[in-house]
Amino acid sequence: MLRTGLAALGVATAAGAGVLGWSLAQAAWGHRIRELDLTPSPAPAELTVLHLSDMHLLPRLAARRRFLRSLAERTRPDLVVFTGDALASPAAVPAVLRDMDALLDLPGVFVFGSNDYVGPSFKNPLQYFRKSAPTHRSEPQKLPAEAFADALRRRGWLDLRNARGQLTVKGVELSFVGVDDPHIDLDSLPADDGLRGHLHIGVGHAPYLRTLDEFRADGCDVALFGHTHGGQICVPGYGALVTNSDLPTWRASGLQGWPGLRPDGLAITPRPPFAPVPPVLPDDGREPMWVNISAGLGTSPYAPIRLACPPEVSVVRFAPVGFRSEAEPRI
């Protein structure tokens, strides 16, 4: 009996160590590019958008930094949309700007997340299962967010924190509406300027119900978010256990519709086979909004693991007709 118990304990310990090792390796080196087609779109021409989010960068994170530096050449985007949480320390700003240098030569827009304003801190993981749990320290380390924002603006990127803007890219007129981070109640939808492009795009960090509803009411064709890390710790085949927002867990990441099915009639891509997607989704008879929630590239330095949820960036291809089918995730 004792030997059996010790053997079982040994197996459980080995399995736990294996899972931990896999999670650490996936977070550190498992970066991938997820390609998604948003078709049909109102755009009169093909447009490739790199959706970048949640790097949580430290200068010592060599693999993540190499991946970030490779993205301009590997994805060749027409537009970059950054949805926040680039930083994990004050020293990260010069590193991020160096690693994003080629991307900053392209048209781009940005909003920030809470970890662009304040440094990360250790948190009890169980707090994410409690709706009323605090989300940041009472005396957080302040990060140089405004210096970072100024550097992005000097390179020509639009600051969409509670703001609107317009760009023309490849002859496609783009209008944007953005909010500062809803997760720490910085969001305030800007007054409507009446300007709408071929594509009207909502940009935010944390995907909260109120922000999704506001963007849809504003007439957005698509909204882009990060923040959730795709759940970060996921159950294979089922998906996320938490979203760190008020969204249901099956919406933790991926290309989806709001409030119901996508305009193409699907629920979400990728869709784990056992994800708890409701059999019926809301349909008010109006055109739904496309939504992409990026699982992001990083983690907090205090929780450098990802289980069944590799770090990623999204390449979203807009086209008036289906010029290419959705590709499998590229490494």
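Predicted model only: the values in this text are computed from it and were never measured.
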| request: Please confirm whether the backbone N or O of Gly113 pairs with a side-chain atom of Asp116, one donor and one acceptor, at under 3.5 Å? | output: yes
| task | Taking all non-hydrogen atoms of both residues into account, name the closest pair between Ala240 and Gly231 and its distance. | result | CB-CA, 3.7 Å
| field | Arg196 side-chain N/O to Gly219 backbone N/O, donor-acceptor pair under 3.5 Å | value | no
| Do Ile33 and Thr75 pass the side chain to side chain contact (heavy atoms under 4.5 Å, CB included) test, and can you show the C-alpha distance, the side-chain angles, and the key distance before you say yes or no? | CA-CA 8 Å; Ile33 299 169; Thr75 65; 3.8 Å; yes
| Does the distance from a Lys or Arg side-chain N to an Asp or Glu carboxylate O, for Glu46 and Arg76, drop under 4.0 Å? | no
| task | Return the minimal non-hydrogen interatomic distance between Ile268 and Ser253, and the atom names on each side. | result | CD1-O, 3.2 Å
| request: Could you verify whether a donor N or O on one side chain and an acceptor N or O on the other, from Asn292 and His51, lie under 3.5 Å apart? | output: yes
| Minimum heavy-atom separation for Pro263 to Trp290, with atom names? | CG-NE1, 3.2 Å
| said: Could you work out, with side-chain hydrogen bond (donor to acceptor under 3.5 Å, both in side chains) as the rule, every residue matching Arg271, not counting sequence neighbours? | reply: none
| said: The criterion is salt bridge (Lys or Arg N to Asp or Glu O under 4.0 Å); which residues satisfy it with Asp187, sequence neighbours excluded? | reply: Arg210
| Flag side-chain contact, heavy atom, 4.5 Å: Leu209 against Trp258 | yes
| query | Can Thr228 and Arg251 be counted as having a side-chain donor-acceptor contact under 3.5 angstrom? | reply | no
| field | Side-chain ion pair, Asp218 and Arg164, N-O less than 4.0 Å | value | yes
| Using a distance-only test with no angle check, is there a side-chain donor-acceptor pair under 3.5 angstrom linking Ser175 and His200? | yes
| task | For the pair Gln232 (side chain) and Thr243 (backbone), establish whether a donor and an acceptor sit closer than 3.5 Å, ignoring hydrogens and angles. | result | no
| request: List in chain and number order the residues that pass side-chain hydrogen bond (donor to acceptor under 3.5 Å, both in side chains) with Arg60, two or more places apart in sequence or in another chain; answer none if no residue qualifies. | output: none
| field | Pair Arg317 + Glu35: basic N to acidic O under 4.0 Å | value | yes
| said: As an exercise, state the distance from CG of Asn115 to CE of Met55, rounded to the nearest 0.5 Å. | reply: 12.0 Å
| query | Hey, does Leu297 have a side-chain heavy atom less than 4.5 Å from the side chain of His31? | reply | yes
| remark: By salt bridge (Lys or Arg N to Asp or Glu O under 4.0 Å), Asp213 pairs with (sequence neighbours left out) none
| query | Short question: side chain of Ser314, backbone of Val316 - any donor-acceptor pair under 3.5 Å? | reply | no
| Side chains of His56 and Asp54: closer than 4.5 Å at any heavy-atom pair? | yes
| query | If you round to the nearest 0.5 Å, how far is CG of Asp78 from CZ of Phe318? | reply | 11.0 Å
| query | Is the backbone of Glu312 close enough, under 3.5 Å, to the side chain of Arg34 for a donor and an acceptor to pair up by distance? | reply | no
| field | Minimum heavy-atom distance Pro90-Pro144, with the two atoms named | value | CA-CD, 3.9 Å
| task | Hey, could you give me the CD1/OG distance between Ile293 and Ser245, rounded to the nearest 0.5 Å? | result | 7.0 Å
| task | Would you give the length of the straight line joining atom CG of Leu261 to atom CD of Gln256, rounded to the nearest 0.5 angstrom? | result | 11.0 Å
| query | Same cluster for Tyr238 and Val277 if Ile/Leu/Val/Met/Phe/Trp/Tyr side chains link at under 4.5 Å? | reply | no
| query | Which pair of heavy atoms, one from Pro120 and one from Ala88, lies closest together, and at what distance? | reply | CD-O, 3.3 Å
| task | Look at the side chain of Arg69 and the backbone N and O of Met100, then say whether any donor-acceptor pair between them is shorter than 3.5 Å. | result | no
| query | Do Arg64 and Leu57 come within less than 4.5 Å of each other through their side chains, counting heavy atoms only? | reply | yes
| query | If we only count heavy atoms from C-beta on, is the Leu224 to His205 side-chain gap below 4.5 Å? | reply | no
| About how many Å separate CG of Asp159 and CG of Leu152, when rounded to the nearest 0.5 Å? | 8.5 Å
| task | With side chain to side chain contact (heavy atoms under 4.5 Å, CB included) as the test, would you mind laying out the steps for Leu79 and Leu106 before giving the verdict? | result | CA-CA 6 Å; Leu79 171 72; Leu106 302 168; over 6 Å; no
| Test log, rule salt bridge (Lys or Arg N to Asp or Glu O under 4.0 Å), inputs Glu287 and Arg262 | CA-CA 9 Å; Glu287 184 73 7; Arg262 304 180 335 189; over 6 Å; no
| request: Determine whether Ile201 and Phe176 make a side-chain contact, defined as any pair of heavy atoms from C-beta on separated by less than 4.5 Å. | output: yes
| query | Is there a donor-acceptor contact under 3.5 Å from the side chain of Asn162 to the main chain of Asp180? | reply | yes
| Gap separating the CG atom of Leu199 from the SG atom of Cys220, nearest 0.5 angstrom | 10.5 Å
| Pairs touching residues 72-121 that satisfy ring-ring contact (aromatic ring centres under 6.0 Å, His included), sequence neighbours left out | Phe110-Phe112, Phe112-Tyr117, Phe112-Phe148
| Should Gln141 and Leu143 be marked as a side chain to side chain contact (heavy atoms under 4.5 Å, CB included) after you check the CA-CA gap, both sets of side-chain angles, and the distance that decides it? | CA-CA 6 Å; Gln141 177 192 33; Leu143 298 181; 4.2 Å; yes
| hydrophobic_cluster_shared for Val291 and Leu281, side chain cutoff 4.5 Å | no
| note | Heavy-atom nearest pair, Pro278 first then Trp250, reads CD-NE1, 3.2 Å
| query | How about Ser294 and Ser53: does a side-chain donor come under 3.5 Å of a side-chain acceptor? | reply | no
| request: Decide whether Thr299 and His229 meet the rule of one side-chain donor and one side-chain acceptor closer than 3.5 Å. | output: no
| request: Give a yes or no on whether the backbone of Asp101 and the side-chain of Arg155 come within a donor-acceptor separation of less than 3.5 Å. | output: yes
| field | Remaining members of hydrophobic cluster (4.5 Å side-chain criterion), Leu58 | value | Leu61
| said: Exactly one of Thr211, Asp246, Leu212 should register a side chain to side chain contact (heavy atoms under 4.5 Å, CB included) with Pro182. Which one does? | reply: Thr211
| task | Taking the side chain as every heavy atom from C-beta outward, state whether Leu97 and Val93 have any pair of such atoms under 4.5 Å apart. | result | yes
| request: State, without any angle test, whether His227 and Asp85 hold a side-chain donor-acceptor pair at a distance under 3.5 Å. | output: no
| task | Could you tell me whether the side chain of Val177 reaches within less than 4.5 Å of the side chain of Leu189, counting heavy atoms only? | result | yes
| field | Full working for side chain to side chain contact (heavy atoms under 4.5 Å, CB included) between Met289 and Val222 | value | CA-CA 6 Å; Met289 179 177 68; Val222 59; 5.6 Å; no
